[in-house]
Protein chains: 2
Amino acid sequence: MRKAKNLGEFEIIVLAALIRLGTDAYGVSIRQEIESRTGRAVSVGALYSTLSRLEEKNYVASRMGDATAERGGRAKRHYIIKAEGEAQLEKSVFALGKMLKGIKAWPETLKTLARL
Amino acid sequence: MRKAKNLGEFEIIVLAALIRLGTDAYGVSIRQEIESRTGRAVSVGALYSTLSRLEEKNYVASRMGDATAERGGRAKRHYIIKAEGEAQLEKSVFALGKMLKGIKAWPETLKTLARL
DNA sequence: CGATATATCTACTACATTGTAGAACAAATA
DNA sequence: TATTTGTTCTACAATGTAGTAGATATATCG
């Protein structure tokens, strides 16, 4: 297996979304979770290729589900974060936390945003 | 100027280092700050090219200083984060914070991020 | 004194990995 | 067949990273 490397920014976001969604995580719900929570647009392509790469790295597992009985209810591919993925996520977030911790100079804007 | 995009993971770390170091920020000190704080190795090339790109995006400014009177004291290039850089950093950190907030019992260090 | 060794730093080059968009494709119900 | 929900594929841009070369200062030894 490849040597563990640092996660990219979007990879961190996607892994976090997987944790949040638990068993409800699949392409569309993940995308919606990220968009509604961060307010930033996520293209389908960006999401699926990132998920695919995370799976290659053994950070995520996926399986095809059954089709649902609703119009257009095509079978979903369900994603779940693996232990390796959680460990890696923790490392990346830890590094970020170490760098950001205690910065007094956060502008007022951020504090305002943080209250929302 | 290019359209504002999301910061990469390493870009976030570098900008945070600039804030931490204030006027003491130059290639070597930035590198050391990141390495000692995160425990992760940073190659010189990685750092300078990232700084250079951040400068192109108008997130960072730099100026050449004078040579110091120590052996090998070549002139340093001093870096400082600009208002645009702080604003962009806020956005990225905010998005990450929104995704990470409350997802689990993060170790204490990580809560910094989740609190934002 | 001055050639050259050595230390501190920055700049350049090349390539790997991630990020992103959009069209194409698939499968279900109306 | 039309429409809706989803996923896969293709192509390219932006970031991440290592390694090497170059620049410029002080040290040192004949």
Side-chain angles (χ1 to χ4, degrees), chain A residues 2-15 17 24-32 34-35 38 40-57 59-60 62-79 88-89 92 95-96, chain B residues 1-15 17 24-32 34-35 38 40-57 59-60 62-79 88 92 95-96:
Chain A
R2 224 180 316 186
K3 185 202 166 197
K5 304 190 66 178
N6 297 303
L7 295 169
E9 194 253 8
F10 190 53
E11 291 181 315
I12 291 175
I13 286 179
V14 169
L15 288 180
D24 298 327
Y26 74 102
V28 174
S29 69
I30 296 168
R31 186 174 172 223
Q32 189 184 343
I34 296 173
E35 289 193 334
T38 68
R40 114 184 186 194
V42 175
S43 70
V44 250
L47 179 59
Y48 282 108
S49 47
T50 294
L51 283 168
S52 167
R53 287 163 185 165
L54 287 171
E55 191 162 17
E56 272 175 23
K57 290 191 280 190
Y59 294 158
V60 155
S62 78
R63 60 172 174 75
M64 274 317 238
D66 298 318
T68 56
E70 35 179 336
R71 179 166 188 178
R74 181 184 170 180
K76 303 167 171 53
R77 178 175 289 277
H78 299 275
Y79 292 89
Q88 199 54 43
L89 177 61
S92 290
L96 285 169
Chain B
M1 189 186 356
R2 228 177 312 187
K3 186 202 165 197
K5 305 193 63 180
N6 296 304
L7 294 170
E9 193 253 7
F10 190 54
E11 290 180 316
I12 291 175
I13 285 179
V14 169
L15 288 180
D24 299 327
Y26 74 101
V28 174
S29 69
I30 296 168
R31 186 174 172 224
Q32 190 182 340
I34 296 173
E35 290 193 332
T38 68
R40 113 185 186 194
V42 174
S43 70
V44 251
L47 179 58
Y48 282 108
S49 48
T50 295
L51 282 168
S52 166
R53 287 162 185 166
L54 287 172
E55 191 162 18
E56 271 175 22
K57 290 191 278 190
Y59 293 158
V60 155
S62 78
R63 62 175 172 73
M64 271 320 237
D66 298 318
T68 56
E70 33 179 338
R71 177 161 192 182
R74 180 182 173 182
K76 304 165 170 56
R77 179 174 288 278
H78 298 276
Y79 293 89
Q88 198 55 42
S92 291
L96 285 169

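Quick note: numbers below take in every heavy atom, side chains included, and nothing from hydrogens, waters or symmetry partners. All chains are named by letter (A, B, ...) in the order of the sequence lines, taking the proteins before the strands, and each is independently numbered beginning at 1. Quick caveat, the model's predicted, so the values are computed rather than measured.
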[N] [atom2] sits how many Å from [X] [atom1], rounded?
{"X": "B:Ile34", "N": "D:dG16", "atom1": "CD1", "atom2": "C1'", "result": "13 Å"}
{"X": "B:Tyr26", "N": "C:dA11", "atom1": "OH", "atom2": "P", "result": "14 Å"}
{"X": "B:Met64", "N": "D:dT24", "atom1": "CE", "atom2": "P", "result": "8 Å"}

Looking at residues at least two apart in the chain, or sitting in another chain, which of them share a salt bridge (charged side-chain N to carboxylate O under 4.0 Å, His left out) with B:Arg40?
->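 By the salt bridge (charged side-chain N to carboxylate O under 4.0 Å, His left out) rule, B:Arg40 matches B:Glu9.
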All salt bridge (charged side-chain N to carboxylate O under 4.0 Å, His left out) counterparts of B:Arg71, not counting sequence neighbours =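 In terms of salt bridge (charged side-chain N to carboxylate O under 4.0 Å, His left out), with neighbours along the sequence ignored, B:Arg71 is linked to no residue.
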For A:Tyr26 and A:Tyr79, work out which heavy atoms get closest and say how close.
->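 Shortest heavy-atom separation between A:Tyr26 and A:Tyr79 comes out as CA-CD1, 4.2 Å.
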Check whether any side-chain nitrogen or oxygen of B:Lys5 sits under 4.0 Å from OP1 or OP2 of D:dA13, and answer yes or no.
->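 No.
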Phosphate contact (C:dT20 OP1 or OP2) by B:Asn6 side-chain N/O below 4.0 Å =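 The answer is yes; a side-chain N or O of B:Asn6 sits under 4.0 Å from OP1 or OP2.
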Under a 4.5 Å cut-off applied to non-hydrogen side-chain atoms, are B:Thr50 and B:Ile13 in contact?
->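 The answer is no; the side chains never approach within 4.5 Å.
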Nearest-nucleotide 5' precedence on DNA chain C, A:Ser49 against B:Gly27 =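 Its nearest nucleotide lies further toward 5', so the answer is B:Gly27.
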Between A:Glu9 and B:Tyr79, who's closer to the 5' end of DNA chain C by nearest nucleotide?
->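 That would be B:Tyr79.
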Go along nucleotides 22-30 of chain C 5' to 3' and tag each nucleotide: B for a protein heavy atom under 4.0 Å from its base, S when only backbone or sugar atoms are that close, - otherwise.
-> B---BSBBS
Side-chain ion pair, A:Arg77 and A:Glu55, N-O less than 4.0 Å |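 A salt bridge is absent here (no side-chain N lies under 4.0 Å from a carboxylate O).
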Looking at A:Leu89, A:Leu54, A:Val60, which one forms a side-chain contact (heavy atoms from CB on, under 4.5 Å) with A:Val14?
->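 With A:Val14 as partner, A:Leu89, A:Leu54, A:Val60 yield a single side-chain contact (heavy atoms from CB on, under 4.5 Å), made by A:Leu54.
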NA contact type, A:Arg40, heavy-atom cut-off 4.0 Å: base, sugar-phosphate, or nothing?
->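 Sugar-phosphate, backbone atoms only, no base.
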Tell me what B:Ser52 touches on the nucleic acid: a base, only sugar-phosphate, or nothing, going by heavy atoms under 4.0 Å.
->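 The residue B:Ser52 makes no contact with any strand.
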Examine the base of D:dG6 for any acceptor or donor lying under 3.5 Å from a partner atom in the side chain of A:Arg31, and report the outcome as yes or no.
->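 Side chain to base: no pair below 3.5 Å.
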